[in-house]
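Quick note on labels: first sequence line is chain A, next is B, and so on, each numbered from 1.
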Amino acid sequence: MTTERYNAREVEARWQKVWEDKDVFVTQNDDPRQKYYVLEMFPYPSGRIHMGHVRNYAMGDVVARYKRAKGFNVLHPMGWDAFGMPAENAAMQNKVHPRDWTYENIATMRGQLKSMGLSLDWSREFATCDVEYYTQQQRLFLKFLEGGLVYRKKSKVNWDPVDMTVLANEQVIDGRGWRSGALVEQRDLTQWFFKTSDYSEDLLEALETLDRWPEKVRLMQKNWIGRSEGLRVRFAFSEAAPTGDTSLEIFTTRPDTLFGASFMGLSPDHPISVKLAETNPTLKAFIDECRRVGTSEEAIEKAEKKGIDTGLRVKHPLDDGIELPVYVANFILMDYGTGAIFACPAHDQRDLDFARKYGLPVKPVVLPKDADPASFDIGDEAFTDDGSIFNSGFLNGLSIAEAKEAVAAKLESSTLDGHPQASRQVNFRLRDWGISRQRYWGCPIPVVHCDGCGVVPEKDENLPVELPSDIDFEKPGNPLDRHPTWRDTPCPACGKPAKRETDTMDTFVDSSWYFARFTSPRADQPTDPAAATDWLPVDQYIGGIEHAILHLLYSRFFTRAMQKVGALNLKEPFKGLFTQGMVVHETYKSDDGTWLSPAEITLSETDGTRSAVHAVTGKPVTIGSIEKMSKSKKNTIDPTDIIDSYGADTARWFMLSDSPPDRDVIWTEEGVQGAWRFVQRVWRLIGEIAATTDPKAALPADIDDQVLELRRTTHKTLQAVSNDIETLGFNRAIARIYEFVNAISKVANASERGAGGEFGLREAGTILVQMIAPVMPHLAEESWKVLGHRTLVSETAWPEADPDLLVDDTILMPVQINGKKRGDISVSREASKDAIEAATLELDFVKKTLDGQTPKKVIVVPQRIVNVVV
RNA sequence: GCGGACGUGGCGAAACUGGUAGACGCAAGGGACUUAAAAUCCCUCGACUUCGGUCAUACGGGUUCGAGUCCCGUCGUCCGCACCA
């Protein structure tokens, strides 16, 4: 018989239309079946999808299709993270409106995603720049404001001089803007903040409950939140500071080293430093220098520790005979703790570096185990390990933990100026989330500035505060600020003319609750709480590791905040999280140093050495390292090209087949061709089975051994593949399916089919189609039809493995002698340990080795192995 | 510097709670079919070997009847954080 070659292009378009016409993947909220919410991180509409999207969405689609077959009511939506800078950049460069640019990109990318055959409920689609979406976001903002979760404050901010906007700490990477790459400056501005710090403790503690999150991500968040327990201690000034303060409050996690104190340190931004600088030009110059350098560039250059003695002196809280100098030092951060420290150089490297530079005393107070107190000395390295306290009066002999406790207890109960001298405090590295952005293409912050009433929230009935369409991008800075009329609005409180806020929200706000919006995307409130309660948390969330901190932490905060204002009733949005690896590709460079795309070169191989030449000029090309696909290195592959030439199924199959999903996958032309060959192979095999077996073939009572073996393989494979998909082991599932196809082919190609052959092959073919369906849905539908079904495999229940076929009657067990495999023994499944031992000792090769001796020991692990110890 | 993960053939990788190391795929080599090519099918494919075996999961030790898997140390690669007191 002849089978036509599988025509992916024609077949895929056809089935996509069937699914769409029949609303196969539209999800109803009132469907009574158990719900399953699978979500992939929604894309930024940059213009075209890339291979990373293909991989991400292929994984989610496998889960969605599998769970649907398992009988769940599956929610699998898609939308667009559509606000952000690139749209404004495009507007400036190409004179196209950000809105038009964005929606055009969305249209293109929607088409590309549809060509992938994803089982998405497109009826729930939205973009975060849709007025309907950001209206609800403004509503949420106002609820947060009312609930005390939003505030304004003047703060030193990270200013990106290229994008001309403020960046969150998290958006500053190595001192540069995460998007522009420009060196970030420090500026003082009044900004809007979300009170993420209200939830520091809870965000940290609840990480423990996220047992279906990667350990790595939980650890990264834990470190980011950065909880530390310590003591706030006030040191009395010998003479009052110029600010009028009579004491200096510091935060320390090492009160046990208090007797090792050598000096005090103030941040250059500390109020006392600032006040002193007014009359001290040297100090002023120093502070200015610190600000110029900025917190970040310092890190790059590992700036030297520097400081200036203020002349102020404080008294040691445990021994007022000791006076300590107060320095302004460049390494002390204003926004952690109190912006002031006491320095113990012997046990802190930063303090030690500083003390050595300025000749300040270094007194060790923690003695390492087995060290001699008389001779123990600190060199260039601070001692930060465990030990026992010495040189410390009443603390001598205590452990570090005991000494911390003793100091805290003593200073808590002593008073200074009528207040306790110290208090225990838990500090977090996590700051409040600054959300103000001085941009046009974002969600406007719905408040009004009134000369009489101050900052007034816009009234709910006046929402949305809509972005103006007529906008000018000729100049840098915020276009909303210079719009002729948009700012003008009556004050919601007094009705007099007032001005709108021109800051828009950080785009991370948009993505912090979209998963909740999908549960009722057209609701006239941010959420329909009933639908949200039914669907959330997301059962399986899939996305890139690059969002391990920002997006995921913000979403966790937002869920809590929404719970507080009654929009949701849970804390944790994502029950299961999976972070997939990147798609990487070889790089190619011509001899003049420019990058070349895979399409521009020709590869060849001689004697096992691969080489490349320029496809047109024939000039030699250097094959470079394998790197993440990026436009700058030109090592990208356009998914559309692949889908056009091989089909979506091939692309999806290859994306999932080679590497474990959390690891990077290398895109190779050979690999895609392998996947393509497999598509054809399945197609031929199904065609042959369909042509040579009767759908109504019965299962005879006695079946041929080879057929029984095939049936066993079928059901064992089904069992294993199901398990692999459940655990997201797509590469394992695919390897098993390859094996399975090899096994079916063997029977299908056998010169004669034994009894039950038709039934066995039908069964194998049918289950094969069902197993490939989540990964290669189009090929599966087409094959399903060829096998004679009138239904859709997309709407067919997942098959059940027959338990009787999962266990073998006889088991082939390896036999080891002294831990080395020497042969096998075939035993019945029910054989007892003793019987197996006896049978083993009768084996020729065992007898030969034993040579009449009795073995020391025979270890029989049922179903596993026999080990004879001689 | 601190924290974490990982290290298996020419390559991507399998190996569930310690139990036959290298499944499956890619590449490579040989063969069949063909005028030829493509496609397809079959065979070989960790190293050494006196063809009995021996050695092999980064390296060195240890625990165990048995270690890729557990423990200690060394080296290497990757990732996150980075003056957080």
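Once rounded to the nearest 0.5 Å, the distance linking OG1 of A:Thr714 with CD of A:Gln719 reads 13.0 Å.
Nucleotide B:rA82 holds its P atom 18 Å from the CZ atom of A:Phe331, rounded to whole Å. Rounded to an integer number of Å, the gap from A:Asp724 CG to B:rC24 P is 15 Å. If you take CE of A:Met655 and C1' of B:rG12, they are 12 Å apart, rounded to a whole angstrom. Computed from coordinates, the A:Arg663 CZ to B:rC78 P distance equals 16 Å when rounded to whole Å. The separation between A:Gln680 atom CD and B:rC41 atom P is 11 Å, rounded to whole Å. The CZ-C1' distance, from A:Phe251 to B:rA85, rounds to 8 Å in whole Å. B:rA82 atom C1' lies 14 Å from atom CE of A:Met220, rounded to whole Å. Rounded to whole Å, the distance from NE2 on A:His270 to C1' on B:rA85 is 13 Å.
Across all strands shown, A:Asp348 has no heavy atoms under 4.0 Å from either base or sugar-phosphate atoms. A:Gly674 comes within 4.0 angstrom of the backbone, heavy atoms only, and of no base. As judged by a 4.0 angstrom heavy-atom cut-off over every strand, A:Ile332 is placed among the base-contacting residues. Within 4.0 Å (heavy atoms only), A:Thr253 reaches sugar-phosphate atoms of the nucleic acid but no base atom. A:Asn742 comes within contact range of the sugar-phosphate backbone alone, with a heavy-atom separation under 4.0 Å but no base atom that close. Looking at heavy-atom distances under 4.0 Å, A:Lys856 makes no contact with the nucleic acid at all.
Between B:rA27, B:rU54, B:rC41, one nucleotide has an atom nearer to the side chain of A:Arg822 than all others, and that is B:rU54. Nearest to the side chain of A:Ser228, among B:rA85, B:rA23, B:rC79, sits B:rA85. Considering only the side chain of A:Ile549, B:rG80 comes nearest among B:rG80, B:rA14, B:rU20. Of the candidate nucleotides B:rA82, B:rG19, B:rG4, B:rG4 has the atom lying nearest to any side-chain atom of A:Leu219. The A:Ala735 side chain lies nearest to B:rA23 when the options are B:rA23, B:rA85, B:rC55. Residue A:Arg684 has its side chain nearest to B:rC41 when only B:rG12, B:rC41, B:rC65 are considered. Distance from the side chain of A:Arg677 is smallest for B:rC26 among the nucleotides B:rG19, B:rC26, B:rA82. Nearest to the side-chain atoms of A:Glu670 among the listed nucleotides B:rG19, B:rC26, B:rU20 stands B:rC26. Counting only heavy atoms from C-beta on, A:Asn223 has its side chain closest to B:rG3 among B:rG3, B:rC79, B:rA14. Closest to the A:Arg681 side chain, of the nucleotides B:rA82, B:rG19, B:rC41, is B:rC41.
For B:rG9, the glycosidic angle deviates from 0 by 90° or less, giving a syn base. Annotated as anti: B:rG7, whose O4'-C1'-N torsion sits more than 90° from 0.
Nucleotides B:rA21 and B:rA56 are separated by 9 Å at their C1' atoms, to the nearest Å. Across the C1' atoms, B:rC51 and B:rC42 are found 26 Å apart, a figure rounded to whole Å. One C1' atom belongs to B:rC79, the other to B:rG31, and the distance between them is 48 Å to the nearest Å. Between the C1' atoms of B:rC11 and B:rU74, the separation comes to 28 Å (whole Å). Comparing the same atom, P, in B:rG9 and in B:rG53 gives a spacing of 26 Å after rounding to whole Å. Across the C1' atoms, B:rG66 and B:rC6 are found 26 Å apart, a figure rounded to whole Å. B:rU17 and B:rA67 are spaced 15 Å apart, taking the C1' atom of each and rounding to whole Å. Only the C1' atoms considered, B:rU40 is 28 Å distant from B:rG22, to the nearest whole Å.
Between A:Trp653 and A:Phe678, the ring-plane angle classifies as parallel under the 30° and 60° cut-offs.
A close approach under 4.0 Å does occur between a side-chain nitrogen or oxygen of A:Tyr336 and OP1 or OP2 of B:rA85. Listed pair A:Lys746 / B:rC42 fails the phosphate criterion, with no side-chain N or O lying under 4.0 Å from OP1 or OP2.
With the nearest nucleotide of RNA chain B identified for both A:Val869 and A:Asn731, A:Asn731 has the one nearer the 5' end. Comparing A:Arg732 and A:Ala675, the nucleotide of RNA chain B nearest to each residue sits closer to the 5' end for A:Arg732.
Taking 4.5 Å as the limit, every side-chain heavy atom of A:Val583 sits out of range of all side-chain heavy atoms of A:Ile637. Using a 4.5 Å cut-off on side-chain heavy atoms (C-beta onward), A:Phe286 and A:Lys306 make contact. Inter-residue side-chain proximity for A:Phe654 and A:Tyr646 is flagged as unmet; no heavy-atom pair is nearer than 4.5 Å.
No salt bridge links A:Asp348 with A:Arg254; every basic N to acidic carboxylate O contact stays at or beyond 4.0 Å. Ion pairing between a basic and an acidic side chain is recognised when a charged N comes within 4.0 Å of a carboxylate O; A:Glu201 and A:Arg227 show such pairing. A:Glu215 and A:Arg218 are joined by a salt bridge, as a carboxylate oxygen and a charged side-chain nitrogen come within less than 4.0 angstrom of each other.
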Per-nucleotide protein contact string for nucleotides 28-34 of chain B, where B marks a base within reach and S marks sugar-phosphate only (heavy atoms under 4.0 Å, - for neither): S------

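Taking a pair as Watson-Crick or G-U with both hydrogen-bonding distances under 3.5 Å, the stems of three or more pairs touching RNA chain B are B:1-7 with B:75-81, B:10-12 with B:24-26, B:28-32 with B:40-44, B:46-48 with B:53-55, B:58-62 with B:70-74.
Atom CG of A:Asp844 is surrounded by 12 or fewer heavy atoms from other residues, nucleotides or ligands within 6.0 Å. More than 12 non-hydrogen atoms from other residues, nucleotides or ligands lie less than 6.0 angstrom from NZ of A:Lys357.
With sequence neighbours left out, the side chain to side chain donor-acceptor pair (under 3.5 Å) criterion links A:Arg652 to A:Asp61.
Under 3.5 Å, the side chain of A:Arg864 and the base of B:rC16 form at least one donor-acceptor pair of N or O atoms.
Judged by distance alone, the side chains of A:Tyr336 and A:Ser228 do bring a donor and an acceptor atom under 3.5 Å apart.
The side chain to side chain contact (heavy atoms under 4.5 Å, CB included) test with A:Leu266 is passed by exactly one of A:Val326, A:Ile341, A:Thr338: A:Val326.
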